[in-house]
2 protein chains.
Amino acid sequence: MLTKAQIESASDVAARSLFDAIVDQRIPPGAPLRLKELSEQLGMSMMPVREAIRRLAALDLVEIEPRRGARVRELSLADLEDTYFARLHLENIAVWEAAQNFTADDGAQAAAALADREAAQEAGDRVAARDAHERFHFAIYEASQRTWLIRSILPAWRNSERYRIGAMRHIETQGTRDHEHTQILSALMRHDGLEAVRWMTNHLTSSVRLSAQHLISETGEADREISLPKVAEVVARFDIAAGIPAEIPTV
Amino acid sequence: MLTKAQIESASDVAARSLFDAIVDQRIPPGAPLRLKELSEQLGMSMMPVREAIRRLAALDLVEIEPRRGARVRELSLADLEDTYFARLHLENIAVWEAAQNFTADDGAQAAAALADREAAQEAGDRVAARDAHERFHFAIYEASQRTWLIRSILPAWRNSERYRIGAMRHIETQGTRDHEHTQILSALMRHDGLEAVRWMTNHLTSSVRLSAQHLISETGEADREISLPKVAEVVARFDIAAGIPAEIPTV
DNA sequence: TTGTGGAGCCGTTGATCAAATGTCAAGATC
DNA sequence: GATCTTGACATTTGATCAACGGCTCCACAA
């Protein structure tokens with residue numbers, strides 16, 4: 001069986017290239033995105049590049065000033081904190097919902113993505129590893145079958161990649177990450193929503209800590225405690241929600 | 001003090017016109033969006049229209065098939081349910097967070113939007129009323145100061161407008177809606193997060209019920225119970241979260 | 001039922017228009 | 001005389017336009 005031949009439009013190529021370049025900081029925060037310059041580098045006209053920039057702006061990775069062009073959004077501890085606040089809430093809801101109706105097929109897809117990720121990691125292919133990582137997480141979220149919730153997750157996810165990639169490049173904590181991934185997946189396969197939420201929260205919390213450390217070391221921004229919901233608090237929410245009997249009358 | 005002269009680009013005009021037309025069903029669900037046709041109607045070339053369509057596609061109001069053009073997404077009970085599931089979770093989190101640091105200025109802005117809405121309603125200006133309604137809700141959400149969370153809300157919000165506008169056009173339940181709005185606002189001014197969440201949940205729950213009724217009556221889709229979190233369940237989550245002492249150790 | 005031709009439409013291009021900024025010299029101010 | 005302000009001009013860059021090329025779909029014929 002052949003998969004449908006995916007023809008990639010010029011603007012698809014541009015969007016992907018720009019996203020990679022921004023995440024890898026080949027285009028650093030604050031840098032202007034000149035249409036002419038980029039279109040020459042990518043070997044296409046200005047319009048597909050323009051469209052790609054608008055797409056990234058829809059994800060809020062770049063800022064557009066009318067008639068003045070676009071520039072890459074700056075990174076900051078406040079933005080990092082804000083991003084992970086959203087991710088903690090949104091992705092835990094998705095995980096919680098996913099636990100209810102997690103199928104063997106969902107599990108297989110997630111496991112395959114995890115395997116791809118490790119293979120790419122071995123091969124030193126960072127882009128492929130990042131791609132597989134995203135596939136793993138979203139395979140889980142899609143099991144929730146809450147389409148609009150999943151759509152809401154993507155912008156914050158993509159933004160967090162900007163912080164995560166740099167932080168993960170050097171530091172060797174891959175073992176811990178892999179373990180967290182496996183624990184989330186196995187909890188879901190057991191339909192144990194609470195345990196899945198617990199591990200997801202740990203996963204995100206440790207991610208944000210590493211990212212913050214890295215950011216502080218790079219920019220010299222003042223070190224401070226990041227204010228995020230505590231693991232126990234997050235877990236407690238879902239715990240109590242599960243205990244509410246259905247027959248409680250709505251107000 | 002003069003506010004900066006806001007020049008509206010051609011694609012801004014196109015995006016707004018198209019959004020209004022889709023919400024009002026002047027362009028019905030499933031209808032194709034032909035670049036040439038629209039550009040002639042709007043008196044501009046195809047390119048700004050094309051960009052406007054891509055913007056609406058980013059909000060998932062229209063679907064783009066490569067080389068085949070765009071069409072307005074169909075409405076369905078499942079999509080409505082899904083949309084409000086996301087809204088219930090996301091907007092309640094925002095309201096809860098807003099309650100903590102709600103300022104008098106936040107209150108003033110929200111109250112002004114409410115007043116605008118009633119004035120527009122009197123004048124029979126549906127577009128202005130819709131606009132003011134959106135300003136009211138987002139004035140509240142912005143008080144949470146959780147930027148990425150707020151951004152995540154917008155797509156689902158805009159999608160729900162497609163269902164809500166039709167449902168609200170004929171039915172006269174404006175009194176109830178106004179009361180709910182006022183209650184949400186006054187709870188926030190008292191920093192009573194739990195009460196604000198309770199009223200917000202009621203507000204959304206009654207919205208989705210009306211929208212579902214209207215949709216069923218229009219499309220003849222089979223009537224069925226919509227599955228959404230119960231008010232008590234939603235409220236309980238925040239109730240318990242508030243009770244978790246900060247010193248509980250993170251896992 | 002299957003292959004072919006033509007019409008319609010989107011994606012892309014290169015050119016044009018217009019806004020915004022930088023430059024620089026003349027004049028005002030101290 | 002040195003410094004700052006002002007205004008015209010040139011340059012850069014984004015926004016828009018009109019036309020081309022290629023893909024998709026439908027009708028029609030074998």
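Quick note on labels: first sequence line is chain A, next is B, and so on, each numbered from 1.
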Just wondering, do B:Arg55 and B:Phe19 contact through their side chains at under 4.5 Å, heavy atoms? no
Answer whether the closest heavy-atom distance between the side chains of B:His181 and B:His133 falls below 4.5 Å. yes
Whole-Å distance separating the NZ atom of A:Lys36 from the P atom of D:dT12: 8 Å
Hey, does A:Leu33 reach any base, or is it just sugar-phosphate, or nothing, if we go heavy atoms under 4.0 Å? sugar-phosphate
Nearest of D:dG14, C:dC10, C:dT21 to any side-chain atom of A:Arg34? D:dG14
Validation row: A:Glu161, A:Arg164 side chains within 4.5 angstrom (heavy atoms): yes
In this structure, CG of B:Leu80 is separated from CG of B:Leu77 (nearest 0.5 Å) by 6.0 Å
In whole angstrom, what separates B:Arg68's CZ from D:dC23's C1'? 11 Å
A correct 5'-to-3' footprint of nucleotides 12-17 of chain C, with B, S and - meaning base, sugar-phosphate only and no protein heavy atom under 4.0 Å, is BB----
Can you check the B:Leu38 CG to C:dC10 P distance for me, whole Å? 9 Å
Quickly work out the A:Arg54 CZ to D:dG14 P distance and round it to whole Å. 11 Å
B:Val208 versus B:Tyr163: any side-chain heavy-atom pair under 4.5 Å? no
A side-chain contact here means heavy atoms from C-beta on lying under 4.5 Å apart; do A:Arg126 and A:Asp20 qualify? no
